[in-house]
Structure formats: C-alpha cells, structure tokens
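Note that the structure is predicted; figures quoted are calculated from it, not measured. By convention in this document, chain letters (A, B, ...) are assigned in the order of the sequence lines, proteins followed by strands, and residues within each chain are numbered from 1.
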Amino acid sequence: MRREHEVGAVPRRQRGNHREWEPGRFVKEFPLYRLVAEDGELVGPPDEVTLSDAEVLKLYELMVLNRALDERMITLQRQGRIGFYIGSIGEEASILGSAAAMDEQDWIFPCYREHGAALMRGMPLVTFLCELFGNAGDALKGRQMPCHEAWRPGRFTSISSPISTQISHAVGAAWAARLKGDPMVAITYFGEGGTSAHDFHTGLNFAAVRKLPVVFICRNNGWAISVPRERQTGSETIAQKAIAYGMRGERVDGNDLLAVHAATRRARARAAAGEGPTLIECVTYRVEGHSTSDDPRAYRPAELVEPWKRKDPLLRMRRFLARRGALDDAGDERIRAGVREELQRVLKEAEAFAPKPPLESLFEDVYAEPTPLLREQLAELEAAVAADPRVANPRHSDA
Amino acid sequence: MRREHEVGAVPRRQRGNHREWEPGRFVKEFPLYRLVAEDGELVGPPDEVTLSDAEVLKLYELMVLNRALDERMITLQRQGRIGFYIGSIGEEASILGSAAAMDEQDWIFPCYREHGAALMRGMPLVTFLCELFGNAGDALKGRQMPCHEAWRPGRFTSISSPISTQISHAVGAAWAARLKGDPMVAITYFGEGGTSAHDFHTGLNFAAVRKLPVVFICRNNGWAISVPRERQTGSETIAQKAIAYGMRGERVDGNDLLAVHAATRRARARAAAGEGPTLIECVTYRVEGHSTSDDPRAYRPAELVEPWKRKDPLLRMRRFLARRGALDDAGDERIRAGVREELQRVLKEAEAFAPKPPLESLFEDVYAEPTPLLREQLAELEAAVAADPRVANPRHSDA
Amino acid sequence: MPTMNIIQAVNDALRLEMRRDPDVVVMGEDVGKFGGVFRATQGLYDEFGADRVMDTPLAEGGIIGTALGMALYGLRPVPEIQFADFIFPAFDQIVNEVAKYRYRSAGQYSCPMVIRTPYGGGIKGGHYHSQSPETHFVHTAGLKVVVPSNPYDAKGMLISAIRDPDPVLFFEPKRVYRAAKGEVPEGEYQVPIGKAKVTREGSALTLVAWGSMWHEAEQAAREAEAEGIDCEVIDLRSLQPLDTDTLVQSVKKTGRAIVVHEAPRTCGFGAELAAILQEKCFLHLEAPITRVTGFDTPFPYTLENEYLPRAPRVLKAIREVVSY
Amino acid sequence: MPTMNIIQAVNDALRLEMRRDPDVVVMGEDVGKFGGVFRATQGLYDEFGADRVMDTPLAEGGIIGTALGMALYGLRPVPEIQFADFIFPAFDQIVNEVAKYRYRSAGQYSCPMVIRTPYGGGIKGGHYHSQSPETHFVHTAGLKVVVPSNPYDAKGMLISAIRDPDPVLFFEPKRVYRAAKGEVPEGEYQVPIGKAKVTREGSALTLVAWGSMWHEAEQAAREAEAEGIDCEVIDLRSLQPLDTDTLVQSVKKTGRAIVVHEAPRTCGFGAELAAILQEKCFLHLEAPITRVTGFDTPFPYTLENEYLPRAPRVLKAIREVVSY
Ligand SMILES: Cc1ncc(C[n+]2csc(CCOP(=O)(O)OP(=O)(O)O)c2C)c(N)n1
Ligand SMILES: Cc1ncc(C[n+]2csc(CCOP(=O)(O)OP(=O)(O)O)c2C)c(N)n1
Ligand SMILES: [Mg+2]
Ligand SMILES: [Mg+2]
C-alpha cells in the first residue's frame with residue numbers, strides 16, 4: 001500500500017486553479033448512453049446489444065405485467081382494498097433492464113419500486129399481493145406496509161422505508177462474497193433523492209476503497225416526492241458523483257431497456273473481474289405521483305410530465321420489437337390479455353386468505369427465540385383479547 | 001427553477017461510455033497550487049500573493065507560537081499536568097493561512113487542531129490553557145476535554161469530538177447569514193478522514209444546492225489515526241470530491257502559507273459574491289502522532305515522515321522572509337525567545353486558578369434555566385459531598 | 001372561536017410566529033410549495049417565500065445540522081422531520097450536538113430550535129411510519145420534549161416551543177392529526193412547557209398519558225366511570241421538563257396509577273414515570289404502578305390495533321389495578 | 001489459569017472465535033495493523049490477515065451498514081465502534097435496520113453481529129469519550145445488550161455473543177479495561193447471555209449494577225458490611241434479555257433495592273428496573289427502589305468523579321434505604 005501523498009508534479013508559476021465547472025461540462029462528460037431511440041430504432045452499436053429479441057420479448061412481457069400490476073393496485077388502493085401502493089410506472093426499463101443483467105446468484109438490494117425485479121426473481125405474484133393485504137398469506141406475516149416485500153429464495157432482500165439504508169447492505173454482502181470467494185455481484189437501487197442520504201455516501205465510499213463487486217443503480221426520476229432534482233443536489237448529473245469515490249460512473253437512458261441492460265451487464269462484468277463498482281445513473285421520470293398517498297398536482301405542472309409520457313419505456317420496446325418483426329399488434333394484445341387474466345385470478349387467490357396473521361405471530365422473529373419477556377407479553381395480549389374482543393377489533397373501540 | 005432533466009444531446013452510435021479514470025487524471029486536473037517553494041523562493045505569479053511581508057511576518061510569529069505551544073503541551077501531558085493534547089505540528093500553514101484569509105465578521109467552525117485560529121481570533125492564551133486544565137479559569141467551566149475550546153467573541157465555534165459534525169453547522173450559519181443579508185462567510189475545517197463521515201456529504205450537498213457562502217478546508221494530512229488516506233477513500237484527490245456536489249474544488253500545498261492564504265481569499269471572495277462554496281484540499285502531513293494518546297510507531301514507518309519534516313511550513317516561511325530581507329536569524333531568535341517567555345508566564349497564570357470549577361456549575365447551561373429536576377439533583381450532590389468528602393475526591397474512594 | 005384540527009393548529013402557530021419574528025424559518029423535506037406531506041406547512045411558502053420556507057435535500061442529519069448552524073447565527077429554525085421514524089439519521093446531530101451545544105460552550109452559544117415531527121401508530125404505517133421514539137430524547141440532557149394531544153395545546157405549546165431558549169422536540173400525534181378537533185383561539189397565546197393538565201378528576205386511580213394515547217385513556221376512563229370507577233386522567237403534554245408535582249399530587253390522592261404509551265414498554269417513558277412515582281409516593285401506593293404500552297416488538301402493520309394500548313386494554317388494567 | 005485484564009480477555013475471545021469459525025471477521029476504525037485504540041484487536045491482523053481484520057473508513061453508519069450486509073450473506077461480523085459516544089452516526093442502521101431485519105422479513109433474513117464498543121466515564125474523556133448509551137438499545141426491540149464487568153465474563157459472554165443468532169450490543173467498561181484483572185480459563189467457554197450473577201449474598205438490600213459500576217457497588221457493599229449492613233450484589237451482565245427471575249427473587253428476599261448506573265437518571269435502565277421491581281415485588285418492598293446514577297447533564301470533564309455514582313454515593317443511599 002502506498003502511504004505517501006501522491007502530489008504529482010508541481011508546476012512553477014502556475015495560476016490559481018480552482019475548478020469552475022462550465023455549464024454542461026458533466027452532461028458532456030457523461031453523455032446519455034442509448035441503444036434504442038424513442039421510435040424503436042436501434043441507434044447504438046449493434047455489438048453492444050446484450051439481449052436477444054426473444055429475451056427482450058420476455059422482458060417486455062414482464063414490463064407489461066409490472067405496469068398492469070401498478071395500475072390495478074392503485075385502483076385497489078382507491079377502493080380501500082389495500083392501504084398503500086408505490087409502483088414504478090415509467091421506470092420499468094431502469095428496473096427490469098438492470099435486474100435482468102445480473103446473474104442468478106447475484107443479490108438484489110431494492111429500494112421500494114423494484115417489485116418487477118422481485119417477480120423476476122421468482123416471488124409468486126400471489127405472495128406479493130398477500131404482502132399488500134398483509135393477510136395470512138403474506139410471507140412477512142403482515143408486518144410491513146404494502147410494497148415492502150422480501151424474497152429470500154430469489155436473493156431479493158428486505159425493503160425498508162428509510163431511504164438509502166440498503167446501499168451499504170449491498171456493499172457488505174459484496175464484501176462478504178469476495179471474502180468467501182463467491183462470484184456474487186450485488187446490485188442496489190435508489191432514487192436521485194436517495195443520493196443525498198448518508199448511506200449513499202458511506203456505501204459508495206466503502207465499496208470504492210475496497211473495489212467491491214457492486215452495481216449501484218440510481219433511478220433518477222426527477223423527483224423526491226415534491227422536491228425536484230435541482231433542489232436535491234447542485235451536481236449536473238448523478239453519474240459524476242462517482243468521481244468523488246474514484247469509482248466508475250455512467251449515465252444511461254433509463255427508458256431504454258437495452259441500454260440499461262448493456263450498461264449493467266458491463267458494470268457487472270467489471271465488478272466480477274475485480275475491477276470495482278460502478279454508479280449507473282438511469283435518467284427516467286416519475287410519471288405518476290410518488291405513491292398513492294401523494295397528489296403531484298399540488299407541486300408539479302402537468303406540462304412537465306407530457307414529454308415523458310411519449311418516452312414511455314414500454315412503448316419503445318414495443319416499437320423496437322415490432323421493427324424487428326418479433327411482436328405484432330395481435331401478439332401484444334395477447335400479452336396484455338394474458339396479464340389481465342393472471343392478475344384477476346391471482347387477486348382472487350390472494351383475497352381468499354384470512355385477513356390477519358395469527359396473534360402470536362406478533363411476537364415471533366423479534367429474536368431467533370422469543371425471550372421470556374415476549375412470551376409474557378403474548379400471554380398478556382391473549383388474556384386481553386379473551387377479556388374484551390375489542391382489543392383485536394378497532395371498530396368496536398374507536399371513539 | 002428548471003424542473004426538466006437536462007439530458008444534453010444524445011449522440012447516435014455512441015459507444016458505452018462508462019468513465020474509467022486513468023491513474024493520475026485528477027492529480028492533473030487538480031494540480032497542487034503553490035506560491036512558495038520549499039527553499040523559500042516565490043515560484044507562483046507575484047500578483048497572486050495576497051499577503052504583505054509584514055503580514056507574513058505576523059503570521060510567522062503566530063506559527064512559531066502555535067508550534068511552541070503544541071510542543072510545550074505535549075510535554076505537559078507527559079508530565080501528567082494536563083490529561084490530553086492534540087495539536088497541529090506540520091499543519092500550521094493550512095490552518096493559519098486559511099483562517100487569516102477570512103474577514104473579521106466571518107465565523108470559524110473548527111475541527112480539533114485549529115487552536116492557532118482561536119488565538120488569532122483573540123482567545124487569550126491563558127483562557128486556552130485553562131481549558132486544557134479544565135480549571136476554574138476555563139471559559140467552558142471544565143466541561144470538555146482539553147483542546148475543545150470555544151470562543152464566542154471571536155466567532156470561533158465550539159469544538160466537539162464527533163468527526164465532521166461541524167460541517168453542516170457552518171453551512172447553516174452561512175445560510176442564516178444570507179437570509180439576514182449579512183456579508184458573513186463561514187469557514188470550516190476537517191481532516192481527510194472526516195470526508196468519509198456522513199456530515200461531510202450532507203454539508204457539502206446542502207451548501208452547493210443553495211450556493212451558500214462557505215469555504216470548506218480539508219486538512220489532508222495523510223492519516224486518520226492509524227488509517228492511511230488510501231484506506232479512507234478511493235479517490236485520487238480530496239479536491240475532486242467537489243465535483244459530486246457541483247462545487248468548486250482546489251488542491252493546495254498545505255505547507256505553503258501564501259498559497260493557502262491566496263486560495264482561501266479567492267474562495268472567500270467568490271462565496272461573498274454569491275458564487276457559492278469551495279472545497280479546498282490542503283495537502284499536508286501529520287508529522288506527529290494523532291494526539292498524546294497515540295503512538296504512531298505501531299503503524300507508521302518513520303521513513304514516511306522524514307520527507308515531510310523537510311517540508312516544514314515554518315521553515316519555508318522563515319526562508320521566504322529571509323530571502324525578502326524581512327527576517328534575519330537574530331530576528332527569528334527574538335521571536336522564539338518572546339514566545340518561550342510568554343508561554344512560561346501564561347502557563348504560570350493558568351496554573352494559579354483553582355483546579356476545579358464550583359460544584360453547582362455541573363448543573364448550569366444544560367438548559368437556559370435549570371429545571372426543577374436539575375435543582376433537585378444539585379441538592380442531592382451537595383448533600384452527598386457534605387456527607388462524605390470522598391464524593392468529590394477520588395483519591396479517597398477508588399479501590 | 002374557530003374549530004381546528006391539530007394540523008390546522010400547528011399551521012396557525014407557525015404562521016403567527018413567522019409573522020411575529022422574521023428569524024423564524026421552516027425547513028425540511030417537502031415543506032415548501034407542497035406544504036408538507038401532512039400539509040402542516042401549507043400556505044407558508046406562499047406567504048413567506050422560499051427563503052423562509054425551505055425545501056431541503058433528503059438528509060435528516062443535514063436538516064438538523066444546518067438548523068443548528070442557523071440557530072447559532074441567530075435564526076429560530078423549525079425543522080420538520082417527515083416522520084419520527086426518520087429522525088434517526090439525525091440522531092447524532094441531535095444528541096451529540098444540539099443537546100450539548102450550550103453546555104459544552106458554557107453558555108457562549110446556544111441553538112434553540114423546534115424539531116417538529118409526526119409520531120405514533122394507528123395510520124397503517126407499519127414499522128417505519130408508526131414509531132414513538134420520545135424516550136431517546138427524554139434520556140438526552142439538554143433537550144425538551146413535548147407531545148400535545150389536541151389542537152389547543154398544539155398551537156399554544158408550539159408557540160411556546162418556538163420562543164423557548166432551548167431546543168425542543170415537538171412530537172405531533174398523527175393518529176389524531178385530523179380527528180382531534182377543538183376550539184382554538186385566534187391570535188397568539190402560549191401553553192407553558194413543563195405543565196401537565198388534569199383533564200378529568202377522580203379518586204380511584206390516576207391515568208397518565210400523552211398525545212394520541214391520551215384519547216384512549218380518556219375513553220377508558222369514561223367506560224370505567226360507567227362501571228363506577230372514578231379515574232383521574234392526566235395529559236402529560238411535556239415529558240421533559242416533567243411536571244412531577246401534578247403527578248405526585250394526583251397519585252398521592254388516588255394511590256394507584258396506570259401509564260399508557262405506544263412505544264415499546266422496556267425503557268419507555270412509562271418506566272421513568274413508574275420509577276419516579278414509586279419513589280415519591282411510596283407510602284401512598286395501594287397497587288403497583290402499571291404500564292399499558294406497545295409491546296417489545298417492531299411496530300406491526302396488520303395487527304397494529306392489537307399492538308396499540310387502546311381503551312379496551314387500558315380498561316382491563318383499570319379493573320385490575322383498582323382490585324389489586 | 002492465566003490472569004488477564006478485560007482487554008486481553010476480549011482479545012482472547014476474538015482470537016479463539018476467529019480460529020474456530022472462518023466466517024467471524026473484525027472491522028472498524030483502526031482495528032487492523034494498529035490493533036484498535038485500546039488494543040483489543042491487537043495481533044489479529046497478523047494472525048488472520050487484512051481480509052478478516054478490516055480497517056474501515058471513518059463512518060460508523062457505513063461500518064454497521066456493511067456489517068449488516070455481511071451478516072445477511074453469512075459472515076459473523078464483529079464491528080468495533082471506537083467509543084460508544086460515536087455509535088450515534090450508526091443509530092439509524094442499528095435501530096431501523098439491524099434490529100428489525102429478522103422481524104420485517106419474517107425470519108427470511110437475519111443479521112447476527114456483535115457490535116463491540118467501549119463505554120462509560122472515568123477516563124477523563126469529557127462529553128464524547130464517556131457516555132453510556134445502553135438504554136437506547138435496550139428500548140429497541142430486536143437487539144440484545146450485554147455489559148461485562150470482569151475479564152472472565154467478558155471472554156465468555158463475547159464468545160456467546162458471537163455465536164448468538166441475534167445482533168448483540170457488547171458494551172465494554174473502559175474505566176476498568178485494565179484495572180479489572182482476574183483468572184480466565186484458556187480455550188473457549190461460554191457465559192450465557194440473559195443470566196445475572198449474584199456476586200455477594202446478603203439480606204439487607206439488593207444492589208444492582210453492571211459494567212464499571214458493579215465495582216463501585218461491590219465496594220459500597222464492602223463498606224456497608226463494615227457498618228453491619230448486609231447487601232446482596234447483583235452483576236446484571238445482560239440488560240436485554242433481562243434475568244428478571246434472579247432480580248425478583250433477590251428483592252423479594254431483601255425488600256429493598258438500589259440500582260447503580262452511569263447514564264443520566266431520566267429514562268436510564270434504572271428506570272426500567274425500578275418499574276419492573278415495584279411491579280413484581282410490590283408487596284415485599286419496604287422502601288422505594290432507589291437509583292444512584294449519573295445526573296441529567298452531559299458528561300463533564302473536570303467534575304467527572306462528582307458525576308459518577310461511585311461507592312461513597314452508593315453507600316449513602318444504602319444507609320438511607322435501610323433506614324427508610
Ligand atoms: C430517511 C427517510 N427520510 C424521509 C423519507 C420519506 N420519503 C419517502 S420516499 C421520499 C423521496 C425519495 O425520493 P427518491 O430517492 O428520488 O426516490 P423516488 O421516490 O423518486 O423513487 C421521501 C422523502 C424516508 N422514507 N426515509
Ligand atoms: C464519529 C467519530 N468517530 C470516530 C472518532 C475517533 N477519531 C477521532 S480523530 C479520528 C481520525 C480523524 O482523522 P482526520 O479526519 O483525517 O483528521 P486528523 O486527525 O488527521 O486531523 C478518529 C477516528 C470520532 N472522534 N468521531
Ligand atoms: Mg426520485
Ligand atoms: Mg487526517
């Protein structure tokens with residue numbers, strides 16, 4: 001390890017050299033990487049395409065499912081059947097393109113919009129829906145808010161609400177894999193708002209100083225609830241933040257499934273080869289409100305959204321596939337109909353579960369074994385429910 | 001406010017553009033700014049010199065005092081007369097050059113090595129020494145560890161041990177000054193280890209997004225206790241971290257008083273003009289142990305330190321002044337003798353204070369007014385001391 | 001007098017204080033144009049402008065750290081933490097910096113600010129939109145901690161908090177943000193920090209609660225009354241400083257006490273109250289001080305009503321304590 | 001049997017566990033070549049290499065966050081926080097992530113780790129090298145919290161903690177790091193987590209303490225004995241889970257109890273102990289449970305001996321409680 005400062009040659013008569021960043025410098029230094037234009041034409045180097053048409057078609061199907069799922073669940077929330085929903089409308093390519101670029105053994109550390117990646121990793125749709133209901137079919141025993149799923153069999157980790165905490169988890173897992181000699185590369189997701197959080201800084205710094213195998217995906221969707229990207233950071237691009245850590249950075253058209261896939265694939269390969277982590281900025285847009293709790297009309301003029309509707313990632317892939325003769329209108333309609341039916345069927349299945357997990361589940365999994373205190377508290381709660389059913393039923397209690 | 005993503009032109013057929021940083025790129029992009037060479041020769045553009053010879057001489061005198069103070073206090077600690085000391089041997093130019101470049105009304109948010117700046121801002125030497133003793137003359141009522149002084153009349157804020165917490169305080173004060181229309185610019189200090197901390201990230205991000213009047217001084221002294229700079233961050237320079245925030249960055253020879261002063265002066269001017277903050281990396285070296293609690297022989301080969309002893313910032317200024325005919329050997333000896341005498345005299349003065357602040361001071365300043373609980377606890381403690389003098393005197397108590 | 005809910009009362013207090021004192025500023029995530037995710041700062045951006053109603057980047061540590069700097073320099077910042085669950089990234093700034101700044105500088109500096117944050121369960125928020133972390137801050141010397149339960153107190157205590165020379169954690173009971181309505185005087189008035197309120201007099205036992213759970217305690221007291229049990233109810237309002245006198249007086253009279261809070265029981269503020277009351281009322285106690293609280297688990301989603309110490313559980317405890 | 005101090009015992013436990021289980025890794029600031037600022041990890045770097053004894057950048061949140069990721073993936077990280085005062089930047093990761101990971105994933109994932117950190121006053125550390133923040137973690141469901149007072153327990157409990165399936169906060173009493181010496185068996189052995197130890201039997205009252213303050217309690221008990229007061233002393237060792245049975249049994253016997261801890265009194269762990277004991281031993285109590293603790297101020301520098309609840313203050317309380 002070199003322990004001496006590297007100061008470089010010190011030029012004589014050198015003038016004060018504080019760096020001013022001419023406007024546009026980093027936009028130029030990190031040009032938007034794109035393979036497919038909005039009209040579906042392949043505009044990038046064909047040898048950089050990392051997906052076959054059949055693979056694109058499969059991902060397109062998943063995008064359609066993801067979109068339909070989001071739309072349906074937003075409706076369900078409005079109907080009061082679930083309490084909350086947060087989805088990825090408009091950001092599907094950023095999520096699915098990158099997740100698909102990872103290998104089977106790789107771990108995914110999601111933010112809260114990556115439900116499509118959970119499904120890709122084999123989480124049954126019904127299990128996902130049960131999580132939204134928090135019912136007896138929920139793999140999480142009804143413990144978390146909707147959209148905070150976890151799916152261990154698919155190495156899809158547990159979602160928490162606090163922003164960006166997952167970033168250093170990904171770094172730690174990658175570090176562990178390296179120590180164990182496993183070929184695992186971790187991928188983690190966050191929004192551009194999440195780059196302001198503490199854990200973005202420590203996560204990227206730890207990863208870069210150890211050259212750990214991590215791919216950092218920033219979904220730069222322009223908004224953190226009501227806060228526009230310009231109020232979030234003074235940097236022109238998110239990608240340039242990689243420089244602070246001596247890490248690679250890349251800016252990608254986040255609505256271009258192929259570009260996201262190719263960039264992630266390259267980042268993964270470098271990470272696996274011991275060349276360290278990459279920060280990928282997927283430039284995309286949050287076309288809807290932040291979540292079902294939000295109404296963007298209070299802070300965002302509708303005109304801003306319009307151009308992004310035209311950049312819809314599903315539309316682009318549909319056009320791409322159409323150009324390549326891999327998907328026609330009838331085929332597309334078949335996919336959509338299939339998705340609608342599946343959703344309908346699985347929704348029924350999910351709603352058939354008992355609405356609540358059992359009482360004792362409240363005290364499980366706090367520790368590997370319940371402590372005496374928790375056993376005491378369960379007994380206390382059971383006695384209370386027995387004494388007064390209102391304990392377990394708010395309708396009889398609230399004023 | 002522009003709320004749309006600036007994506008720039010999207011080139012067609014553009015190849016994957018993940019940025020690799022060729023080794024040395026940022027060392028070149030942020031060349032070390034120097035005005036005076038090690039032999040004392042002015043090697044930078046004369047019009048960039050921002051100090052008269054008389055001013056340099058005054059700062060040189062303060063550097064000599066600072067050095068003598070550090071050396072004397074380390075001895076005092078070894079003699080058991082004070083409990084702890086942390087100084088700035090070898091880093092005097094980084095600290096004093098930058099502090100001197102600020103205006104009278106500017107606030108200083110120190111790390112824990114900027115005692116010279118406190119003295120520059122009018123903190124009486126005896127008050128500083130009383131803080132080290134934590135005695136009845138201590139302006140802090142014996143509450144903090146040695147070297148955690150605060151000096152409100154000089155707008156020198158309160159030192160705390162947790163690393164980098166002061167950074168966002170500086171940003172907040174600068175923000176407040178702007179809202180109030182005051183021409184205040186805040187300056188804050190931290191080590192290169194401190195750039196890994198949470199508060200570095202949030203502080204710089206908040207400052208840049210609002211273009212606040214702050215000068216960030218990183219004393220890159222190569223070490224964070226035993227952790228070398230290479231284990232701290234993967235970036236080649238600290239200055240390049242400015243890019244992540246869209247902030248100006250500059251790398252300066254931290255052992256060159258004139259260069260540090262000139263760079264800070266420029267940064268201050270830009271900040272005051274509403275052009276936003278600057279991150280200045282002062283490349284220097286921690287020639288001694290981290291503090292009196294540390295023994296660097298356990299982790300740092302002595303050879304590493306040798307070259308830096310030759311780069312001593314005091315020596316360089318002495319040579320510079322000698323070349324300019326502003327200081328001869330006799331003059332230098334007079335300065336040193338004066339400093340020795342002053343230290344001796346003030347030390348006596350400080351040691352004359354009662355060793356402890358009064359008992360009731362323990363309960364003051366927790367709140368503006370003591371709460372009933374605290375009054376009760378004071379009474380409890382007074383009763384305990386009255387009942388058993390050992391309560392206030394450990395020699396009678398410890399096993 | 002107009003009728004307001006708690007959000008409106010908070011909003012009114014902020015507006016009045018900002019009109020009165022140009023140094024009062026509001027900051028946080030989404031507090032600007034949007035007016036806060038609960039709309040507590042609605043309209044302030046329009047009235048006072050972007051300079052005094054500041055959206056910040058997404059970093060609670062940065063919000064509190066910069067608020068501290070503002071306070072040192074002479075502003076009166078009122079930072080909002082969007083949910084109390086998200087206060088932990090700012091924990092170091094709050095407990096190591098804000099709380100200790102006056103003490104460690106021996107009064108040379110101080111950093112008065114009011115950290116507003118909605119807390120507590122009952123809105124189907126799961127682990128991360130339901131926590132009640134008040135204990136952490138009560139344990140930290142140098143901070144004041146208040147929790148109003150109704151619009152009148154919310155407005156009066158927020159005004160007091162903003163004028164207070166010390167940093168105040170202002171926990172807002174989001175479960176009753178809109179449900180708790182009441183008459184609120186127009187214009188400014190203060191409700192002093194450090195004073196509890198006896199909201200119901202009784203002799204059988206003392207119920208102590210604050211924030212959302214005060215409503216459950218009141219309801220339980222009403223139901224107990226129907227059974228002939230005559231509860232005294234205390235709305236604590238201020239946890240630090242604590243109105244020990246009011247508590248002790250009540251418990252010396254009733255000889256029995258139940259503390260109700262949402263946070264997990266172990267080391268919750270109920271523990272402190274039990275410790276103090278058994279110490280100061282020892283010879284008057286006819287039953288142990290009893291705690292009806294959240295359980296020692298993370299806050300659940302589906303079973304949140306089972307988790308929360310609502311009126312039926314309080315009522316059960318009342319019956320047990322009076323017959324001890 | 002060799003004689004060791006606490007640092008040596010901790011070092012021995014780490015070495016043995018790292019030899020036994022290749023998944024055990026040590027990480028933190030200065031823990032590598034330097035062996036930690038208190039030298040608790042000395043020699044581990046040479047024996048196990050830079051891959052298993054990892055110096056990290058200066059960011060406690062990053063240390064705990066990455067440790068969490070490592071634990072998810074199957075390592076057993078033992079992160080060191082250099083001083084307990086610096087644990088707060090990691091507070092969010094600890095209370096919102098580490099503590100809740102198993103629960104929120106319903107057991108799909110878990111993140112066992114041992115967070116070692118020296119705590120407490122008495123080394124002239126002032127505000128930021130003296131704090132005792134145990135309460136915060138005891139209040140947080142999902143964490144275990146232990147505090148050894150002597151080398152034997154330090155080694156045995158650290159081994160237990162490393163093998164524990166849950167995250168454990170391991171607070172090391174730095175005031176007696178070197179002063180507390182004792183015989184420590186060679187090779188591995190466990191001291192179970194969740195069991196208190198009666199270190200002195202007596203009938204007049206029960207003294208409860210842990211870590212450094214156990215030594216003060218013991219000394220006070222010795223001095224009280226000279227006055228004919230026969231104290232029972234309990235070294236709590238484990239705060240969460242708590243050995244309620246041992247405590248209750250003792251207090252039912254003696255009818256009187258004093259809790260001694262360094263942290264500020266309000267909402268300190270003594271409050272929880274007082275609350276539990278008055279609840280479970282109500283009819284046996286002959287005096288209030290009394291707390292001898294640090295005061296509700298930041299930890300001072302010069303007056304630290306006045307601040308700490310040392311033996312003379314404990315002795316005074318003993319006299320008062322027995323004559324209540
Ligand atoms: C620590 C923390 N602070 C605040 C919040 C509230 N919050 C939830 S999402 C969000 C905005 C996130 O924006 P971004 O990171 O850009 O992600 P996006 O929602 O756009 O995908 C905020 C402020 C939170 N969840 N966690
Ligand atoms: C939050 C926090 N973590 C750890 C420490 C212990 N500590 C004190 S100084 C230091 C190293 C700081 O290095 P650097 O920032 O480079 O400053 P330097 O001492 O070199 O001036 C560490 C780890 C601390 N004071 N605060
Ligand atoms: Mg966003
Ligand atoms: Mg350093």
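- Chain B forms more heavy-atom pairs under 4.5 Å with one residue of A/Ala259, A/Ser196, A/Ala208 than with any other, namely A/Ser196.
- Using a 4.5 Å cut-off between heavy atoms, A/Arg300 does not touch chain B at all.
- In summary, B/Glu29 and A/Arg25 engage in a salt bridge, as defined by a charged side-chain N under 4.0 Å from a carboxylate O.
- Take A/Glu288 and apply the salt bridge (charged side-chain N to carboxylate O under 4.0 Å, His left out) test, not counting sequence neighbours, and it matches no residue.
- Chosen from A/Lys28, A/Arg210, A/Glu275, A/Lys211, the residue pairing most often with chain B at heavy-atom distances under 4.5 Å is A/Arg210.
- Taking the six-membered ring where the residue is Trp, B/Phe200 and B/Phe190 present perpendicular rings, their angle passing 60° and hence far from 30°.
- Contact of A/Ala197 with chain B is made through the backbone alone, with heavy-atom distances under 4.5 Å.
- A parallel orientation is assigned to the rings of A/Trp308 and A/Tyr285, their planes being inclined by less than 30° (bins at 30° and 60°).
- Neither the backbone nor the side chain of A/Asp253 comes within less than 4.5 Å of any heavy atom of chain B.
- Screening residues 242-275 of chain A for ring pair (Phe, Tyr, Trp, His ring centres under 6.0 Å), with sequence neighbours left out, gives A/His201-A/Tyr245.
- In this structure, chain B has no heavy atom under 4.5 Å from any part of A/Phe206.
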